Amino acid sequence: EDKVVQSPLSLVVHEGDTVTLNCSYEVTNFRSLLWYKQEKKAPTFLFMLTSSGIEKKSGRLSSILDKKELFSILNITATQTGDSAVYLCAVSPGGSSNTGKLIFGQGTTLQVKP
Amino acid sequence: DGGITQSPKYLFRKEGQNVTLSCEQNLNHDAMYWYRQDPGQGLRLIYYSQIVNDFQKGDIAEGYSVSREKKESFPLTVTSAQKNPTAFYLCASQGLARTDTQYFGPGTRLTVL
């Protein structure tokens, strides 16, 4: 059965800290891994990763994929209170029956205290 | 504005009543999806549609029904058969290129009393 597991489930840090969120997966015919940020409402897209070892970066956020170990991390440096959110990891299985479906992890709830 | 809209934002219903959640997109996306989100469980797929007049069950379709009569619209009906309908419901859409980026609507929070 395809599954995505995120850790930790919740995290409390102070402004300025650096955090690392983890996502491991087991899927057949892996196609891509996506990270989303959810602040109370609609998840917003952060990154899509398809190749191992290539870091994607956007401001203070970065992410990397390890297809051998079936793992991805999302790093946030110099955290701010505005980074408080649920971070969702999702995997898109590929193959001939690819339908665009995503398999989501449970999410990591990050709280950044001032 | 281009995007996905869901209505209503909050919905309260009595147990045993059917309720329909609206999802509309003007992104010209072919594929649309319905997810349910419960605390600590991430998003779970209810139904999805890749083309008008066609849809498939997701992982937790029991007690739900959908229709896809127009490309822009993918309403979800929560029936009385759904045993635990109180949840946050998210609709998403995705373009033909299958770039795997799904765009989400703002969600509807359904509470069954």
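In what follows, chains are A, B, ... by sequence order, proteins preceding strands, each numbered from 1. Here the structure is a predicted model, which means the values were calculated and not measured.
The side-chain tip of B/Arg109 points at the ring of B/Phe88 from less than 6.0 angstrom away and within 45° of straight on.
With a 4.5 Å cut-off on non-hydrogen atoms, B/Gln6 does not touch chain A at all. Of the atoms belonging to A/Leu88, it is side-chain heavy atoms, and not backbone ones, that fall under 4.5 Å from chain B. Interface residue B/Leu90: only side-chain heavy atoms are found under 4.5 Å from chain A. At a 4.5 Å heavy-atom cutoff, A/Gln6 makes no contact with chain B through either its backbone or its side chain.
Among A/Gly105, A/Gly107, A/Pro43, the residue making the largest number of heavy-atom pairs under 4.5 Å with chain B is A/Pro43.
For the side-chain hydrogen bond (donor to acceptor under 3.5 Å, both in side chains) with A/Arg60, the qualifying choice from A/Asp83, A/Asn75, A/Thr18 is A/Asp83, the only one to do so.
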Stepwise ring-ring contact (aromatic ring centres under 6.0 Å, His included) check, A/Tyr25 with A/Phe30: CA-CA 9 Å; A/Tyr25 62 90; A/Phe30 173 89; 4.9 Å; yes
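B/Phe74 has its ring centre no less than 6.0 Å from the ring centre of B/Phe55.
Between A/Tyr36 and A/Phe45, the ring planes lie perpendicular to each other; the angle is over 60°, past the 30° to 60° tilted range.
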